[in-house]
Amino acid sequence: MLLKDFYTVEKLENVADGKYNATVMLNRQHDIFKGHFPGNPVTPGVCMMQIIKELSQEILGSSLFMTNSSNVKFMALINPDINPKLNLELEISGDLSSEIKVKNTTSFDETVALKLTNTYKKA
């Protein structure tokens, strides 16, 4: 984990061929929220992208290097004081020996917070 103690994985399960659901809990006490932003914490988008990468690495059992990110849509602010529990849907496809595509939808409650597609290569 790049950001020590930033989040914990409560659940990571394979729900269909190449499709996974994860539930993560953000650590609202993490130092990153003291600066982003004091009194009104917001989860940085780059941290969400890192969580997606780390979950993909765990699923694939391999280190990954991001080569491309497309269709990135941040649709709602993720305040860890209000919505620390996130649900991530991951769809992993491609030739696992060369290029891996990960489509993600992140939500809390009934609100979609993030949609993106990342392309990785095994590191």
For residues [X] and [Y], determine if any side-chain heavy atom of one lies less than 4.5 Å from a side-chain heavy atom of the other.
| X | Y | value |
| --- | --- | --- |
| I92 | N14 | no |
| Q57 | K53 | yes |
| L64 | K122 | yes |
| I52 | L114 | yes |
| I78 | M48 | yes |
| P80 | T43 | yes |
| V24 | L88 | yes |

- side chain to side chain donor-acceptor pair (under 3.5 Å) between S70 and N68, intermediate numbers included: CA-CA 7 Å; S70 62; N68 188 36; 4.6 Å; no

- Which residue pairs satisfy the salt bridge (charged side-chain N to carboxylate O under 4.0 Å, His left out) criterion with at least one member in residues 87-107, sequence neighbours excluded? none

- Taking only residues at least two apart or on different chains, which pairs with a member in residues 17-41 satisfy salt bridge (charged side-chain N to carboxylate O under 4.0 Å, His left out)? D31-K34

If I take atom [atom1] from residue [X] and atom [atom2] from residue [Y], how far apart are they, to the nearest 0.5 angstrom?
| X | Y | atom1 | atom2 | answer |
| --- | --- | --- | --- | --- |
| S98 | Y120 | OG | OH | 15.5 Å |
| L86 | E10 | CG | CD | 10.0 Å |
| K85 | S107 | NZ | OG | 11.5 Å |
| N71 | T117 | CG | OG1 | 5.0 Å |
| T105 | N87 | OG1 | CG | 11.0 Å |

- Item | Residues forming a salt bridge (charged side-chain N to carboxylate O under 4.0 Å, His left out) with K115, sequence neighbours excluded | none

- Please name all residues satisfying salt bridge (charged side-chain N to carboxylate O under 4.0 Å, His left out) with K11, sequence neighbours left out, ordered by chain then number. E13

- Query: Okay, side chain of T106, backbone of A113: is any donor-acceptor separation there less than 3.5 Å?
  - Reply: no

- Message: Determine whether N118 and N104 satisfy the following criterion, side chain to side chain contact (heavy atoms under 4.5 Å, CB included), listing intermediate values before the conclusion.
- Response: CA-CA 8 Å; N118 287 338; N104 166 260; over 6 Å; no

- Message: Show, in sequence, the C-alpha distance, side-chain angles and deciding distance for L12 and E58, and conclude whether the side chain to side chain contact (heavy atoms under 4.5 Å, CB included) test is met.
- Response: CA-CA 9 Å; L12 178 59; E58 186 171 335; 3.8 Å; yes

- For residues 21-65, which residue pairs qualify under ring pair (Phe, Tyr, Trp, His ring centres under 6.0 Å), counting only residues two or more places apart or in two chains? F6-H30, F6-F33

- Item | Counterpart residues, side chain to side chain contact (heavy atoms under 4.5 Å, CB included), relative to N79 (two or more places apart) | N40, P41, D81, I82

- Query: Are F74 and L26 co-members of a hydrophobic cluster defined by side-chain heavy atoms under 4.5 Å apart?
  - Reply: yes

- Identify the heavy atoms of V112 and M75 that sit nearest to each other, and give their distance. O-CB, 3.5 Å

